[in-house]
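All values derive from a computational prediction rather than experimental measurement. Computed over heavy atoms, backbone and side chain alike; hydrogens, waters and symmetry mates excluded.
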Amino acid sequence: RGLGIPGDTYEISLMIMALVAANDGARDKARISELVSKLEDSQIRRGPGRGSWSYGSGLDLATGDHSNSQYAVLALRDAQEFGVDVETRTWELIRNHWLGAQNGDGGWGYTAGNNPSTGSMTVAGIATMVIVNSMLADDQNEVDEDGNPICCGAAEETPSLKALERGVEWLTRNFAVGMN
């Protein structure tokens, strides 16, 4: 699927995920950090695709798409969990984009706007909302005083949580094994 374009979002994302999976510690951390910076720099910062990604930063495509964006989100999550800093602003832009791109029926389409909701892009939207909520969570609230993870308390109703619920509802109504 890679287009061979220097800076291709998909290729950079796969490189980050592969390096993190290789888990070669400090040896790869500088390379992962460099790739994260390149990915953050290619995030669309204005227009209808603000907070998403397209194929690469040199293409001047201001709309972005949710397929490339999902790969970027997965890679950034892996990098951050590996110990490479991802800017809070990047996560906030991602969250705001996906919140604004959700269709009225609760699903997501390939791009923001009037694209019909699909199963694959709605799963990408659900996963993105879970990831972005986790990446923007207040670290102090993630463990109790004994250091145990807090996982089962009542969640505060937020726009991100509401979007997640609407996405799951869409998927529940529309899931079909034989089609997207």
Side-chain angles (χ1 to χ4, degrees), residues 9-10 13-14 16-17 20-21 36 39-40 42-54 62-144 148-180:
T9 300
Y10 175 74
S13 298
L14 288 181
I16 291 170
M17 289 187 273
V20 169
V36 164
L39 202 52
E40 286 182 308
S42 67
Q43 186 182 37
I44 297 169
R45 300 292 174 146
R46 65 183 189 287
R50 185 173 189 232
S52 69
W53 280 265
S54 187
T63 56
D65 67 76
H66 293 148
S67 180
N68 277 299
S69 297
Q70 175 64 9
Y71 276 99
V73 167
L74 293 170
L76 292 172
R77 183 241 6 235
D78 285 357
Q80 187 160 316
E81 288 180 351
F82 186 77
V84 173
D85 289 333
V86 176
E87 294 179 20
T88 300
R89 178 83 174 129
T90 299
W91 292 118
E92 290 169 345
L93 286 169
I94 293 166
R95 178 187 56 206
N96 293 339
H97 171 78
W98 286 81
L99 285 172
Q102 189 172 30
N103 290 330
D105 63 5
W108 282 270
Y110 184 69
T111 60
N114 293 322
N115 289 293
S117 298
T118 65
S120 59
M121 294 298 97
T122 298
V123 168
I126 291 167
T128 295
M129 296 315 304
V130 168
I131 291 167
V132 90
N133 286 339
S134 174
M135 297 298 113
L136 290 172
D138 181 0
D139 291 336
Q140 295 175 356
N141 294 329
E142 292 182 11
V143 294
D144 64 19
N148 299 314
I150 299 171
C151 64
C152 306
E156 179 183 331
E157 185 72 20
T158 65
S160 295
L161 183 58
K162 185 68 178 159
L164 177 61
E165 290 169 352
R166 291 180 60 231
V168 170
E169 289 169 6
W170 184 94
L171 197 58
T172 300
R173 288 189 312 273
N174 294 281
F175 180 78
V177 174
M179 58 185 261
N180 183 359

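Among all heavy-atom pairs drawn from S52 and G49, the shortest one is OG-O, 2.5 Å. Here the closest non-hydrogen pair linking N133 and S160 is OD1-CB, 3.0 Å. Here the shortest heavy-atom pairing between T9 and S42 reads OG1-OG, 4.3 Å. The two residues L14 and Y71 have their closest heavy-atom pair at CD2-CE2, 4.2 Å.
Here the CD1-CD1 distance, from I126 to I131, works out to 12.0 Å after rounding to the nearest 0.5 Å. T122 OG1 to N174 CG: the interatomic distance, rounded to the nearest 0.5 Å, is 7.5 Å. One finds the OG atom of S13 at 4.5 Å from the CG atom of L39 (value rounded to the nearest 0.5 Å).
When atom types are taken as modelled, the side chain of Q43 and the backbone of W53 share no donor-acceptor pair closer than 3.5 angstrom. Side-chain atoms of S134 never come within 3.5 Å of backbone atoms of V130 as a donor-acceptor pair (strictly under, hydrogens ignored).
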Let me check something: any side-chain donor-acceptor pairs from residues 76-89 under 3.5 Å, sequence neighbours excluded? List them with distances.
unit_1, atom_1, unit_2, atom_2, d
Q80, OE1, W91, NE1, 2.7

Using a 3.5 Å cut-off and no angle test, enumerate the donor-acceptor pairs between side-chain atoms of residues 93-108 and protein atoms at least two apart in sequence or in another chain.
unit_1, atom_1, unit_2, atom_2, d
N96, ND2, E92, O, 3.3
H97, ND1, R50, O, 3.2
H97, NE2, H66, NE2, 2.9
Q102, OE1, R166, NH1, 3.0
Q102, NE2, G106, O, 2.7
Q102, NE2, A163, O, 3.0
N103, ND2, N115, O, 2.9
N103, ND2, S117, OG, 2.9
D105, OD1, G107, N, 2.9
D105, OD1, S117, OG, 2.8
D105, OD2, S117, OG, 3.2
D105, OD2, W170, NE1, 3.2
W108, NE1, W98, O, 2.8

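Residues forming a side-chain hydrogen bond (donor to acceptor under 3.5 Å, both in side chains) with T128 (at least two apart in sequence, or on another chain): Q70. Taking E169 as the reference, nothing meets the side-chain hydrogen bond (donor to acceptor under 3.5 Å, both in side chains) condition, with sequence neighbours excluded.
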V168 and L171: CA distance, side-chain angles, deciding distance, side chain to side chain contact (heavy atoms under 4.5 Å, CB included) verdict: CA-CA 5 Å; V168 170; L171 197 58; 5.6 Å; no
